[in-house]
Amino acid sequence: MRAGRWRRAGVTAAALLLMSTVVGGCQVGPAPPGPAELRTGPPPWDAPRDAVSYIDRAGFERLPLDFSGPSPYTLTIAVTVDGTAVQVPAGVGIDRLRAEQAAVHTHTTDGLVYVEAKTTAEHPTLAQFFTLWGVKYDANCLADACKSLTVAVDGKPAPWDTPLVPNSHIAVTVRH
């Protein structure tokens, strides 16, 4: 009978050791973020689910969700492709899974963009916003639309990589 107890104790110890190795090797928290791939297909374009990759690619610091910089402001962005308005989604620049956000982000689908930079010396750009959104954007194209790209700030022509100015309205128009 004594040998049986020792055998059971040995089996139990081996099982506990195996379980601790398996459980100890498990990852705690969210999986590592995927790569920030910029989309080139037609709209609609949702906000990236794995936003931290896009935050990094756009050159922003990852900030906690409750962060509000010293001089927060808003602006609106309107996008039109082939004469059709494109909805700017809620959650651009926000990674809820990791509770982090970029200084530039959206909460609603009405084109209202929040800028909550750490310092007033930061000047985020329209190109950075589209990177956060996960949409290819340059001087000629928005995604796969590459004809007649125009940018206007408060109704006046502006460069494609215009800064995000407080209380402004930025309109981006492009055709295929």
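The shown structure was predicted, so the numbers you read here are calculated from the model rather than taken from an experiment.
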For Gln101 versus Ile55, what's the shortest heavy-atom pair and its separation?
C-CD1, 3.7 Å
Checking side-chain polar atoms at under 3.5 Å, does Thr84 have a donor or acceptor matched by the opposite partner on Asp82?
no
When every non-hydrogen atom of Gln128 is compared with those of Ala58, the smallest separation belongs to NE2-O, 2.9 Å
If the threshold is 4.0 Å, N to carboxylate O, is there a salt bridge linking Arg98 and Asp50?
yes
Any side-chain heavy atom of Val88 sitting closer than 4.5 Å to one from Phe129?
yes
4.5 Å side-chain heavy-atom contact, Leu126 and Ile170
yes
The single option from Val79, Leu38, Leu142 passing side-chain contact (heavy atoms from CB on, under 4.5 Å) against Tyr137:
Leu142
Is it true that Asp154 and His169 share a donor-acceptor pair across their side chains at a distance under 3.5 Å?
no
Closest approach of Val81 to Ala145 (non-hydrogen atoms, all atoms of both residues)
CG1-CB, 4.2 Å
Do His105 and Val92 make a side-chain contact, defined as non-hydrogen atoms from C-beta onward lying under 4.5 Å apart?
no
Provide the closest heavy-atom pair for Pro72 versus Pro70 in the form atom of the first, atom of the second, distance.
CD-C, 3.6 Å
Mind checking whether Phe130 and Trp133 have parallel, tilted or perpendicular rings, split at 30° and 60°?
parallel
Can you find a pair of side-chain heavy atoms, one from Lys147 and one from His176, that are under 4.5 Å apart?
no
Do we see a donor-acceptor contact under 3.5 Å between the side chains of Arg57 and Thr131?
no
Side-chain ion pair, Asp144 and Arg39, N-O less than 4.0 Å
no
